[in-house]
Each structure stands twice: as C-alpha cells, then as structure tokens.
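Small disclaimer: the values here were computed from a predicted structure and weren't measured. Values below: all heavy atoms of this structure, side chains included; hydrogens, waters and symmetry mates excluded.
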Amino acid sequence: TISRVKLLDTMVDTFLQKLVAAGSYKRFSDCYKRFYQLQPDMTQRIYDKFITQLQASIREEICEIKEEGNLEAVLNSLDKIVEEGRDRKEPAWRPSGIPEKDLCSIMAPYFLQQRDTLRHHVQKQEAKNRQLADAILAGRKQVEELQLQIQARQQAFQALHREQRELLAVLRE
Amino acid sequence: SVDPMTYEAQFFGFTPQTCMLRIYIAFQDYLFEVMQAVEQVILKKLDGIPGCEISPVQIRKCTEKFLCFMKGRFDNLFGKMEELFLQLILRIPPHILLPEDKCQESHPCSEEEIQLLQQEIEQLQEKYKTELRTREALLAELEEQKIVQAKLRQTLTLFDELENVGRDRGTNDFREGLVFLVQNSRKLQNIRDNVERESK
Amino acid sequence: FDEIIVDLTTKRKQYPRKILECVIKTIKAQHE
C-alpha cells in the first residue's frame with residue numbers, strides 16, 4: 001500500500017502534468033498568435049516561464065498546506081491506524097449523534113473497574129467479618145464456659161459453705 | 001446529499017471538503033496570478049517594439065481565451081483530483097475505528113446497561129458501608145468480650161486464690177481444710193478433756 | 001455548515017476525554 005503522503009504528491013504531480021499538457025505551447029501560441037508571429041522566441045520563453053512558475057506556485061502551496069496542518073504526520077498516523085485495522089471487514093462503529101448514548105461505552109470500562117474494585121472490597125470485608133464473627137462466636141462460647149466454670153465453683157463453694165455451717169452447728173452443740 | 005464526512009473531520013480537525021476548497025482556491029489564484037504576470041510581460045515587450053499594431057485589448061482577449069481554456073481544464077482535472085483525494089487520502093475507511101473510539105467496540109454499552117452498572121455500583125457501595133458497620137459492631141463486641149472474659153477470669157482467680165490459701169495450710173482444697181479444722185478441733189477437745197481429767 | 005461540523009466533531013474528539021477525567025476523579029473521591 002502506498003502511503004497517503006506519497007499518494008497526495010503523486011496526485012498533485014499528475015494534476016500538474018495534465019494541466020501543463022492541456023495548456024500546451026501550441027495552445028498558448030495559438031491564443032497569442034499575433035504576438036507569437038511577432039516574437040516567437042520571446043513567446044517560447046514566456047510560456048516556459050509561465051509553466052515553471054505555475055508548477056512552482058502550486059507545489060509551494062501544497063508544501064504550505066502540509067506544514068500548516070502538519071498534514072504529513074496526520075496522514076502517516078492515519079496510514080498506521082488503517083494498517084492496524086486492515087483485518088477487519090465489517091463496518092466499524094460510528095458516532096450515533098446522541099452524545100449520551102455514545103458516552104456510555106466510553107465510561108463503561110471505568111464503571112466496570114469501579115464495580116470490580118467495590119466487589120473485591122466487599123468480598124474482602126465480608127471475609128474479614130466472617131472471621132470476626134467466628135472469633136465472636138468462639139469468644140461467646142468461652143464466656144459461657146467461664147460462666148459455667150464460675151457457676152460450678154460458686155455452687156461448690158456454696159455447698160462447702162453449707163456444710164461448713166452444718167459442721168459448725170454440730171461442733172457448737 | 002452532502003456527505004459531511006464528520007468522522008474524517010473528527011480525525012483531521014477540518015472537513016476534507018474545506019481542505020479541498022482551500023487547495024482549489026489557492027491553485028486557481030496561482031493560475032490567475034501567473035496568467036496576469038504573462039500578460040504584463042507581453043504588454044511590456046510590446047511597449048518596447050516601435051510601431052507595434054497589437055493593442056492591449058487584443059492581448060487581453062488572447063489572455064482570456066487561453067485562461068478560459070485553462071480554467072476549464074483546470075476545473076475538470078481538479079474535480080478528478082478532489083474525488084481521488086476524498087476517496088483515498090482524506091477518508092477514514094468504513095471498517096476503521098479511530099483510537100479515541102476504541103472502547104465503543106471493546107466495551108459496547110447501552111444506556112440501560114450503564115444504568116444497571118451504576119445501580120450495581122450503588123448497591124455495592126451500600127453493601128460495603130453495611131459491612132463496615134458490621135465490622136464496627138463485631139469489633140465492639142470483641143472488645144466487650146475481652147472485658148467480660150477478663151472479669152470472669154478475675155473471679156476464677158479469686159476462687160483459685162481461696163483454694164491456694166487452703167493449700168498454704170497443707171490442704172489442697174477448702175473441703176479438706178475444713179475437715180482438717182474439724183479434726184484439729186476434736187484433737188484440741190480430746191487434749192482439753194485429758195487435761196481436765198488429769199487435773200481432777 | 002462547515003464550522004458546525006468542525007465544532008461538533010472537535011467536541012466528539014475532546015469531550016469524552018474531559019468527561020472521563022471528571023468521572024475518574026469522582027470515582028477516586030468515592031474510593032477515598
């Protein structure tokens with residue numbers, strides 16, 4: 001594939017060639033017939049100068065336009081974009097004309113990323129909370145056990161205390 | 001119907017037709033300028049020829065004739081060049097997507113889908129806040145449990161210390177301590193009875 | 001007509017990026 005810049009230069013050259021071919025010296029001398037008959041050499045020189053000047057001006061204009069819009073770089077980057085997409089056949093997406101609609105797909109990746117991040121945070125926190133909940137259940141169990149232990153010790157102690165009182169009563173007798 | 005070539009304008013920053021118009025006007029101006037220069041040169045040359053019968057009006061007619069022909073060919077050729085420019089150079093092929101629009105195809109998303117996504121995000125945010133509040137509550141209970149367990153252990157320690165007191169006295173628990181006390185007191189009674197009898 | 005086309009397509013090229021910048025800032029702020 002020919003680069004767009006080269007294609008542009010070729011087209012302008014072809015345009016100039018054809019324009020020059022159309023404005024041939026014969027045509028030129030026919031139009032300025034009487035001057036040509038009076039001064040044939042001069043006519044040839046003026047014609048040559050005309051053609052050279054026209055071509056130079058047009059080429060200079062093209063160079064200016066290329067520089068003005070940085071056209072070469074832009075066209076080369078377009079070549080690259082087209083090259084990258086060369087395998088595709090079906091028509092590509094084009095703006096729908098409804099900004100809100102077109103914006104959705106542009107924002108989608110970021111919303112998807114936000115959703116995934118939030119999901120991850122929620123899952124992580126849920127896991128942590130499950131661990132905490134397990135720890136709390138274990139802790140509650142432990143508190144229960146401690147309470148049972150204390151209850152047992154307390155009852156034993158009270159039983160002892162009762163026996164003590166009975167014994168002392170006996171002793172006192 | 002004019003094809004506004006908006007996608008191309010999005011890429012180039014100008015409409016291709018305007019670009020071509022700019023080139024056309026510039027080329028046309030040059031053609032006119034050069035023709036004018038040719039006519040000036042010829043008139044000047046004629047001035048230098050004594051007794052010349054060719055008048056400036058005649059030269060002007062020659063110029064117009066040549067220019068009219070050239071302009072016709074110019075427009076025809078330029079029309080063809082413009083067509084090629086707009087087809088081959090300043091056009092984004094229909095199957096090509098510009099880089100800034102890549103996600104239109106990598107993440108095609110309708111308005112409904114984006115709304116659902118935003119709802120899901122809001123729900124997740126609420127859920128996350130709930131989980132954080134749950135975490136606070138759980139941590140608070142954990143703290144509470146620590147205090148309660150410390151208190152309960154303190155109580156158990158108290159019972160242990162009581163037992164230890166007993167142990168210090170040679171008995172390994174309170175009950176034995178008490179029995180020990182009773183035996184001792186009986187021994188004391190026996191001793192006292194003996195002493196009383198002896199003394200009688 | 002030409003100016004409208006250039007104005008519109010310039011927006012199509014630039015505004016999504018600008019809007020995204022705001023969206024990303026918002027998302028970051030929400031995260032923080």
What is the minimum heavy-atom distance between A:I136 and B:Q145, and which atoms define it?
O-NE2, 2.8 Å
Which portion of A:D102 sits near chain B, non-hydrogen atoms under 4.5 angstrom
both
Let's go through A:L71 and B:F14 carefully: what are the C-alpha distance in whole Å and the side-chain angles of both, what is the deciding distance for side-chain contact (heavy atoms from CB on, under 4.5 Å) to 0.1 Å, and is it a yes or a no?
CA-CA 11 Å; A:L71 205 51; B:F14 53 78; 3.9 Å; yes
What part of A:M42 lies closer than 4.5 angstrom to a heavy atom of chain B: side chain, backbone, both or neither?
side chain
B:F78 versus chain A, heavy atoms under 4.5 Å apart: side chain, backbone, both or neither?
both
So CG of A:L146 and CG of B:L156: to nearest 0.5 Å the spacing works out to 6.0 Å
Would you mind telling me which of B:K127, B:Q125, B:R22 has the largest number of heavy-atom pairs within less than 4.5 Å of chain A?
B:R22
Which of B:R73, B:E113, B:K102 touches chain A most, by non-hydrogen pairs under 4.5 Å
B:R73
Top contributor to chain A contacts, counting heavy-atom pairs under 4.5 Å, from B:V148, B:V41, B:D101
B:D101
If you apply the rule side-chain contact (heavy atoms from CB on, under 4.5 Å), what do you find for A:L54 with B:M35, and how did you get there?
CA-CA 9 Å; A:L54 183 62; B:M35 280 312 302; over 6 Å; no
So which of B:N76, B:T63, B:L90, B:L46 has the biggest tally of heavy-atom pairs under 4.5 Å with chain A?
B:T63
Do A:Q39 and B:K45 have side chains that get closer than 4.5 Å, going by heavy atoms?
no
Check: B:F27 and A:I62 side chains under 4.5 Å, non-hydrogen atoms:
yes
Identify the two heavy atoms, one from B:R91 and one from A:R4, that lie closest to each other, and give their separation to 0.1 Å.
O-NH2, 3.6 Å
What do the steps show when you test A:K128 against B:E131 for salt bridge (Lys or Arg N to Asp or Glu O under 4.0 Å), and what is the final call?
CA-CA 9 Å; A:K128 279 183 187 171; B:E131 287 304 322; over 6 Å; no
Does A:F35 reach the side chain of B:C62, with side-chain heavy atoms less than 4.5 Å apart?
no
So, do A:Q142 and B:Q149 sit near enough that their side-chain heavy atoms are less than 4.5 Å apart?
yes
Separation of B:L138 CG from A:N129 CG (nearest 0.5 Å):
5.5 Å
How about A:R115 and B:Q118: do any of their side-chain heavy atoms sit closer than 4.5 Å?
no
Most contact-rich option vs chain B, by heavy-atom pairs under 4.5 angstrom, among A:P91, A:G85, A:S57, A:P95, is A:S57
Please name the pair of heavy atoms, one in B:H107 and one in A:P109, separated by the smallest distance, quoted to 0.1 Å.
ND1-CG, 3.5 Å
Which bit of B:Q58 is near chain A, if near means a heavy-atom gap under 4.5 Å: side chain, backbone, both or neither?
side chain
Grab the two heavy atoms, one from B:M70 and one from A:L19, that are nearest each other, plus how far apart they are.
CE-O, 3.9 Å
Which one, A:Q53, A:Q114, A:R86, A:E64, leads in non-hydrogen pairs under 4.5 Å with chain B?
A:Q114
Crowding at CD, A:Q155 (>12 non-hydrogen neighbours, <6.0 Å):
yes
Do the ring planes of B:F74 and A:F15 sit parallel (below 30°), tilted (30 to 60°) or perpendicular (above 60°)?
perpendicular
For a side chain to side chain donor-acceptor pair (under 3.5 Å) check, start with the C-alpha distance between B:Y30 and A:E61, then their side-chain angles and the critical distance, and finish with the verdict.
CA-CA 9 Å; B:Y30 288 125; A:E61 175 62 21; 3.1 Å; yes
Honestly, the part of B:K65 sitting under 4.5 Å from a heavy atom of chain A is both
Ranked by heavy-atom pairs below 4.5 Å to chain A, first place among B:L132, B:L31, B:I96 goes to B:I96
Would B:F69 and A:F28 count as a ring pair (Phe, Tyr, Trp, His ring centres under 6.0 Å) if you check the C-alpha gap in whole Å, the side-chain angles of each, and the deciding distance to 0.1 Å?
CA-CA 10 Å; B:F69 171 76; A:F28 183 81; over 10 Å; no
Which value, rounded to the nearest 0.5 Å, describes the distance between A:Q125 atom CD and B:K129 atom NZ?
14.5 Å
Side chain to side chain, A:F111 and B:E120, heavy atoms closer than 4.5 Å
no
Quick check on B:E105 against chain A: is it the side chain, the backbone, both or neither that has a heavy atom closer than 4.5 Å?
side chain
With a 4.5 angstrom heavy-atom cut-off, which part of B:T130 approaches chain A: side chain, backbone, both or neither?
neither
Checking heavy atoms, do the side chain of B:L117, its backbone, both or neither come under 4.5 Å from chain A?
side chain
A:V12 and B:F85, any side-chain heavy atoms less than 4.5 Å apart:
yes
Please round to the nearest 0.5 Å and tell me the distance separating atom CG of A:L38 and atom CD1 of B:I54.
5.0 Å
Atom group of A:K18 that falls short of 4.5 Å from chain B, counting heavy atoms:
both
Would you say that B:F11 contacts A:I81 through its side chain, given a criterion of any heavy-atom pair below 4.5 Å between the two side chains?
yes
Go through the atoms of B:Q10 and report whether side chain, backbone, both or neither lie under 4.5 Å from a heavy atom of chain A.
side chain
Greatest number of non-hydrogen atom pairs under 4.5 angstrom with chain A, of B:L139, B:L88, B:L158, B:T134, falls to B:L88
A:L112 side, atom CG; B:C103 side, atom SG - distance, nearest 0.5 Å
11.0 Å
Exercise: identify the closest heavy-atom pair between A:E100 and B:E111
CB-OE2, 3.7 Å
What are the two closest heavy atoms between B:I89 and A:L78, and how far apart are they?
O-CD2, 3.8 Å
Is A:I2 atom CD1 crowded by more than 12 heavy atoms from other residues, nucleotides or ligands, each under 6.0 Å away?
no
